[in-house]
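To keep things clear, I will list the structure first and then write my remarks on it.
Just the heavy atoms: all of them, side chains too, but no hydrogens, waters or symmetry mates, feed the values below. Atoms within a ligand are numbered from 1 in the order they appear, just like the ligands themselves.
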Amino acid sequence: MNKLIYVLNGPNLNRLGQREPEIYGRTTLAEVERMCREAGSGLSIEFRQSNREYELIDWVHEAIDEGAAGIIINPAAFTFTSMAIMDALKMFPGPIIELHISNIHKREPIYHRSYVSPVATAVIAGLGPKGYPSAVCAMRDLIEG
Ligand code: DHK
């Protein structure tokens with residue numbers, strides 16, 4: 001049975017490609033999903049996006065209940081606001097990769113303190129949309145050792 005990983009995306013990422021292209025690029029979320037599935041051949045990938053905080057929390061719980069091997073999460077703006085998402089991720093037994101398209105540490109101070117980084121195995125930021133397939137490859141190494 002293929003190892004299962006969840007790729008979760010937070011608010012406004014459904015607008016990827018149109019939204020602030022100077023920061024996030026012109027690649028759409030559908031294209032990002034395609035890149036993840038290519039990089040993740042041999043893995044089962046659940047690729048989701050929501051603008052609702054509770055839905056992202058429910059999907060972390062689902063990943064726990066489904067025995068997922070790993071979670072890749074771009075919490076977007078919830079990165080800097082959500083203790084609830086942090087608490088949900090704390091319960092996940094496998095590796096967690098926090099992902100940002102932009103280098104949040106190079107941006108305004110409001111983007112510098114992440115609630116997710118303290119519970120993440122690793123953080124990828126600033127590689128643009130290509131950060132997603134990189135995260136999938138890194139996750140494969142973490143779960144296949
Ligand atoms: C995406 C967002 O929506 C912002 O709120 C974050 C993140 C950065 C990204 O770079 O992927 O700050």
Side-chain angles (χ1 to χ4, degrees), residues 3-64 66 68-144:
K3 292 209 169 178
L4 171 63
I5 64 169
Y6 279 61
V7 182
L8 303 178
N9 296 279
N12 305 304
L13 289 169
N14 53 314
R15 298 287 183 173
L16 208 54
Q18 322 155 24
R19 167 198 183 202
E20 299 177 276
E22 68 285 359
I23 297 174
Y24 302 108
R26 291 252 174 236
T27 306
T28 65
L29 196 63
E31 287 159 346
V32 165
E33 180 174 356
R34 236 194 323 279
M35 290 195 280
C36 288
R37 293 193 184 285
E38 260 165 44
S41 58
L43 298 173
S44 296
I45 295 182
E46 280 297 328
F47 189 97
R48 313 241 180 109
Q49 186 279 331
S50 179
N51 297 329
R52 304 172 193 81
E53 185 177 15
Y54 76 83
E55 206 158 27
L56 292 160
I57 293 162
D58 286 350
W59 291 339
V60 173
H61 294 171
E62 182 190 306
I64 294 166
E66 294 295 322
I71 294 176
I72 295 168
I73 184 164
N74 183 345
F78 290 149
T79 306
F80 318 103
T81 61
S82 183
M83 286 184 65
I85 290 176
M86 174 185 77
D87 286 346
L89 290 168
K90 271 185 194 166
M91 296 184 276
F92 182 72
I96 296 164
I97 297 178
E98 175 187 352
L99 172 67
H100 301 285
I101 295 165
S102 65
N103 179 351
I104 56 174
H105 304 290
K106 218 170 158 181
R107 300 180 62 181
E108 304 91 305
I110 49 167
Y111 294 108
H112 294 175
R113 184 172 179 284
S114 163
Y115 278 100
V116 172
S117 298
V119 298
T121 311
V123 181
I124 295 177
L127 297 181
K130 289 207 173 92
Y132 281 87
S134 302
V136 172
C137 295
M139 182 58 79
R140 187 197 291 279
D141 291 345
L142 289 169
I143 62 179
E144 291 179 352

Can you confirm whether L8 sits close enough to F47 that some side-chain heavy atom of one is under 4.5 Å from a side-chain heavy atom of the other?
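Sidechains of F47 and L8: no contact.
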
Can you find a heavy atom in the side chain of P95 that is under 4.5 Å from one in the side chain of I143?
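Yes, their side chains come closer than 4.5 Å.
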
Proximal ligand 1 atoms for [X], defined as those under 4.0 Å from one of its heavy atoms:
| X | result |
| --- | --- |
| R107 | 8 (C), 12 (O) |
| Y111 | 12 (O) |
| S102 | 8 (C), 9 (C), 10 (O) |

Ligand 1-proximal atoms of N74, by part, heavy-atom distance under 4.0 Å
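Answer for N74: side chain.
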
Taking 4.0 Å as the limit for heavy-atom contacts, which would you say applies to E108 with ligand 1: side chain only, backbone only, both, or neither?
neither

Salt-bridged, E38 to R34, with N to O below 4.0 Å?
no

What I want to know is whether [X] and ligand 1 share at least one N or O pair that is separated by under 3.5 angstrom.
| X | value |
| --- | --- |
| A77 | yes |
| R19 | yes |
| I101 | yes |

Does the ring centre of Y111 sit less than 6.0 Å away from the ring centre of F80?
yes

Least distance between heavy atoms, G10 atom then L56 atom
CA-CD1, 3.9 Å

Is N9 reaching over with its side chain to a backbone N or O of R48, donor-acceptor style, under 3.5 angstrom?
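Yes, the answer is positive, given that a donor and an acceptor are paired below the 3.5 Å cut-off.
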
Among I45, I97, I96, find the residue that satisfies the side-chain contact (heavy atoms from CB on, under 4.5 Å) test when tested with I72.
I97

For atom 2 (C) of ligand 1, which candidate among F78, F80, Y24 provides the closest heavy atom?
Y24

